[in-house]
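Before any comments, here is the structure.
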Amino acid sequence: MSVKITYPQNAELTREQLYRHTVARGDSLKTVEDGTEIIIKEIVGYETEEGAKILSILDTANHHYVSNSSIFRDELAKIVEIFGDTGITIRIRHYITKTGRMYVTCELA
């Protein structure tokens with residue numbers, strides 16, 4: 001399996017981190033209950049061979065979450081730009097578009 005790490009840039013991940021973030025199955029953030037708070041330990045962004053952009057989050061309890069939502073990635077990027085990428089607490093939010101489609105995003109908790 002070949003992936004391109006996109007975040008953090010110039011990352012030197014251990015083998016365990018690489019496996020945990022790119023191979024191990026995490027819980028989709030779509031299935032996480034609205035309002036759930038996650039204290040971030042690690043964030044890894046990567047692109048698959050097929051071109052899918054995936055964001056992988058490990059929390060302080062070593063629970064693994066993944067998302068391919070561009071809305072979630074963009075919102076988390078804004079938070080990380082201001083507060084950094086470790087030790088912050090985010091709250092998962094689910095919304096419905098005007099067309100009835102559910103999407104997931106986050107906010108600072």
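These numbers were taken from a predicted model, which means no experiment stands behind them.
- Across all their heavy atoms, Glu33 and Ile92 have their closest contact at O-CB, 4.3 Å.
- Here the side chain of Thr6 pairs a donor or acceptor atom with the backbone of Gly45 at under 3.5 angstrom.
- From Ile79, atom CD1 reaches atom CZ of Arg91 across 10.0 Å, with rounding to the nearest 0.5 Å.
- For the residue pair Asn62/Lys41, the side-chain donor-acceptor check at 3.5 Å is satisfied.
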Verdict with reasoning, Arg15 to Leu18, per side chain to side chain contact (heavy atoms under 4.5 Å, CB included): CA-CA 5 Å; Arg15 289 179 183 177; Leu18 187 61; 5.6 Å; no
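- Between the side chains of Ser69 and Ser67, no donor-acceptor pair is found at a separation under 3.5 Å.
- In the hydrophobic cluster analysis, where Ile, Leu, Val, Met, Phe, Trp and Tyr join through side-chain heavy atoms closer than 4.5 angstrom, Val104 is grouped apart from Val66.
- A donor-acceptor pair shorter than 3.5 Å can be found between the side chains of His63 and Asp27.
- Using modelled atom types, one finds a donor on one side chain and an acceptor on the other under 3.5 Å when comparing Tyr7 with Asp85.
- Expressed to the nearest 0.5 Å, how far CD of Glu107 lies from NZ of Lys78 amounts to 12.5 Å.
- Without hydrogens or angle criteria, Arg93 side chain to Tyr103 main chain gives no donor-acceptor distance under 3.5 Å.
- Residue Thr22 holds its OG1 atom at 6.0 Å from OH of Tyr46, rounded to the nearest 0.5 Å.
- Side-chain heavy atoms closer than 4.5 Å link hydrophobic residues (I, L, V, M, F, W, Y) into clusters, and following such links, even through other members, never connects Met102 to Tyr95.
- Thr48 and Glu50 form a side-chain donor-acceptor contact under 3.5 Å, judged by distance and modelled atom types alone.
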Ile5/Leu13 under side chain to side chain contact (heavy atoms under 4.5 Å, CB included): CA gap, chis, key distance, verdict: CA-CA 9 Å; Ile5 303 298; Leu13 302 176; 3.9 Å; yes
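- Ile96 and Leu29 sit in two unconnected hydrophobic clusters of ILVMFWY residues. Membership requires side-chain heavy atoms under 4.5 Å apart, directly or through other members.
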Intermediate values then yes/no, side chain to side chain contact (heavy atoms under 4.5 Å, CB included), Gln17 and Tyr19: CA-CA 5 Å; Gln17 288 172 310; Tyr19 174 83; over 6 Å; no
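- The line from CD1 of Ile43 to CD1 of Ile90 is 7.0 Å long, rounded to the nearest 0.5 Å.
- For the atom pair CD (Glu42) and CD1 (Ile57), the distance works out to 11.5 Å, reported to the nearest 0.5 Å.
- In the hydrophobic clustering of ILVMFWY residues, with side-chain heavy atoms under 4.5 Å counting as a link, Leu58 and Val80 come out apart.
- When all heavy atoms are compared, the tightest approach of Lys30 to His94 is O-CE1, 3.2 Å.
- Other residues, nucleotides and ligands contribute only 12 or fewer heavy atoms inside 6.0 Å of the CD1 atom of Ile39.
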Check against side chain to side chain contact (heavy atoms under 4.5 Å, CB included), Leu76 and Ile40: CA-CA 11 Å; Leu76 185 59; Ile40 296 176; 4.0 Å; yes
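- Remark: Leu55 CG to Tyr65 OH distance equals 13.5 Å, nearest 0.5 Å.
- Note on ring orientation: taking the six-membered ring where Trp is involved, the planes of His64 and His21 are perpendicular (angle over 60°, cut-offs 30° and 60°).
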